[in-house]
Amino acid sequence: MLRLRSCVLTHLLSSPSASPIPSSLHRLISAAAPAVSSNPGFAAEEYLVATCGLTRAQALKASTKLSHVKSPSKPDAVLAFLAGLGISSADVAALVAKDPLFLCTSVDKTLAPNVAELTGLGFSVSEIARLVSIGRAGFRCRSIVSKLHYYLPLFVSIQNLLRALKFNDSIVAYGLERSKRATKLNLAFLRECGLGDCDIAKVCIAVPWMLTTNVEHVRATVACADGVGVPRESRMFRHALHAAACLGKEKIAAKVGFLKKTFRWSDAEVGIAVSKFPSVLLRCKEALQSRSEFLISELGLEPAYIAHRPTMLSYNLERRLRPRYYVMKFLKENELLERERDYYSTVTISDKVFMEKFIHPHKEAAPHLAEDYATVCSGEVPARFIFA
């Protein structure tokens, strides 16, 4: 079997083109050298189960991709390399199950150079480990470095780029020249639509395929977003575009119908709500239903009130909407409010401000209020918050 020290350090420490390696990465890779195997044979299915941690069913499927492997030397070296990066056994098993051919990658010619050059781009060891886990097949190609170098400025930060790859790894799956051509066309069109580079980056973090897909697909997605009713010059347009990219025309129509029925909205009211908060289209039906039951049936809010303030539907029901209602109800019942407070204004402020305005001033009159508020935020309703 190839020893990791021979495979990795030769490249990282001896190659004149390699980027400088941080001492932490040097130690990780140096410590990952596996023992030399005395068994020249290779039973792929057994190896995948015993050494990689795959289930028997996963191993049976994956082993068909490894029929050409005659020795565990290269797989052993790859596993040792992954361990040196700090990738957990569970993540290694998931990686191998998804991409068995990763075990056939050359540590010396591909994996080690990729790590060295990504380090030069500013990636930390933990970020490289995360990239390996989510990039899978892309990481076993030398071209991944040039692709990431190309896309990194668009996403601004490595964390944003990794988030995008988690949603869709198409930006590293295709050839760089093809990706560049598609990306240039799509960026130009999105800019024509009035989106700035910052908004484009935010959309593409969640929907990275919009960079590499056919420009006609992007045009159709923008047309679908236009149908949501949000003007392109609005700061909400990128949210409408996100919803259109995720759902498509038919699912958006179905969700609009659900919103009308659930919140008792007219056509005009649902149009107002969606234009003010397009992301409501991406909320799951169960969450929307529970908020309708609380806001309309329990609190008695008018549907029109909610339609004009749809962002309240984005707040957590059990940790914000319900607890703050109970506090305000308690203060009103005990005549501790100087004036009537608008419910929406109490849920949109931060927790710190809410405590300063409605909890701390009543320490003497309601010494248990802070404790009761914390209790209801945890999911339990204290006796003092049970009203007749």
Side-chain angles (χ1 to χ4, degrees), residues 121 131 134-138 141 143-256 259 270-283 310-311 314:
L121 288 180
L131 176 62
I134 61 181
R136 296 191 293 271
C141 300
S143 60
I144 191 172
V145 177
S146 56
K147 292 174 184 176
L148 296 180
H149 185 265
Y150 175 75
Y151 283 107
L152 186 55
L154 175 63
F155 289 101
V156 181
S157 72
I158 291 173
Q159 287 303 313
N160 285 344
L161 180 57
L162 291 175
R163 284 176 59 199
L165 285 170
K166 182 178 180 181
F167 285 113
N168 189 303
D169 64 357
S170 62
I171 62 177
V172 296
Y174 300 129
L176 181 57
E177 290 308 311
R178 172 190 168 180
S179 296
K180 280 184 176 180
R181 287 194 298 270
T183 297
K184 287 178 180 178
L185 289 172
N186 294 336
L187 287 177
F189 175 67
L190 291 173
R191 286 166 181 153
E192 287 176 11
C193 294
L195 290 170
D197 287 354
C198 183
D199 285 335
I200 292 173
K202 289 177 180 177
V203 171
C204 291
I205 288 170
V207 197
W209 59 257
M210 290 192 71
L211 287 174
T212 54
T213 191
N214 187 291
V215 70
E216 294 306 318
H217 191 183
V218 178
R219 292 182 187 276
T221 304
V222 169
C224 181
D226 288 334
V228 171
V230 181
R232 291 186 180 183
E233 62 272 15
S234 168
R235 63 187 180 87
M236 287 290 108
F237 185 70
R238 71 175 175 87
H239 297 284
L241 185 59
H242 180 197
C246 292
L247 299 177
K249 187 175 181 179
E250 291 184 2
K251 288 183 179 180
I252 286 178
K255 184 59 74 71
V256 168
L259 289 169
V270 75
I272 291 170
V274 171
S275 65
K276 285 177 172 286
F277 183 47
S279 296
V280 71
L281 295 168
L282 297 172
R283 301 284 163 173
T311 53
S314 67

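- Of all the heavy atoms in Phe277 and Ser314, the pair that sits closest is CZ-CB, 3.5 Å.
- For the side-chain contact (heavy atoms from CB on, under 4.5 Å) test with Leu241, the passing option among Ile200, Leu190, Val207 is Leu190; the others fail.
- Other residues, nucleotides and ligands contribute only 12 or fewer heavy atoms inside 6.0 Å of the CZ atom of Arg163.
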For the pair Arg232 and Asp226, evaluate side chain to side chain contact (heavy atoms under 4.5 Å, CB included) and give the outcome as yes or no after the intermediate values.
-> CA-CA 7 Å; Arg232 291 186 180 183; Asp226 288 334; 2.8 Å; yes
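- Using a 4.5 Å heavy-atom threshold, the side chains of Ile158 and Leu152 count as touching.
- Nearest heavy-atom pair, Thr212 versus Asn186, reported as atom, atom and distance to 0.1 Å: N-ND2, 4.0 Å.
- Of the possible polar contacts, one joining the Ser275 side chain to the Gly271 backbone as a donor-acceptor pair under 3.5 Å is found.
- Annotation for His239 and Ser279: closest pair ND1-OG, 3.6 Å, computed over non-hydrogen atoms.
- For the pair Leu211 and Phe155, the tightest heavy-atom approach, listed with the atom from each and the gap, is CD1-CZ, 3.6 Å.
- With Ser146 contributing its side chain and Ser143 its backbone, the two residues share a donor-acceptor pair below 3.5 Å.
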Given side chain to side chain contact (heavy atoms under 4.5 Å, CB included), test Phe237 with Val203 step by step and report yes or no.
-> CA-CA 10 Å; Phe237 185 70; Val203 171; over 6 Å; no
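- Minimum interatomic distance between Phe189 and Arg219 (heavy atoms only, all atoms of both residues): CE1-NH1, 3.2 Å.
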For side chain to side chain contact (heavy atoms under 4.5 Å, CB included), just list the numbers for Tyr151 and Leu165, CA-CA rounded to whole Å, side-chain angles, deciding distance to a tenth of an Å, and then say yes or no.
-> CA-CA 11 Å; Tyr151 283 107; Leu165 285 170; over 6 Å; no
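- In terms of heavy atoms, Ala164 sits closest to Cys204 at CB-O, 3.9 Å.
- Applying the salt bridge (charged side-chain N to carboxylate O under 4.0 Å, His left out) rule to Glu177 yields no partners; only residues at least two apart in sequence or on another chain are considered.
- The shortest side-chain heavy-atom distance between Leu281 and Val256 falls under the 4.5 Å cut-off.
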List the steps and the verdict of side chain to side chain contact (heavy atoms under 4.5 Å, CB included) for His217 and Thr221.
-> CA-CA 6 Å; His217 191 183; Thr221 304; 3.8 Å; yes
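- Residues Ser179 and Tyr150 bring no donor and acceptor atom of their side chains to less than 3.5 Å of each other.
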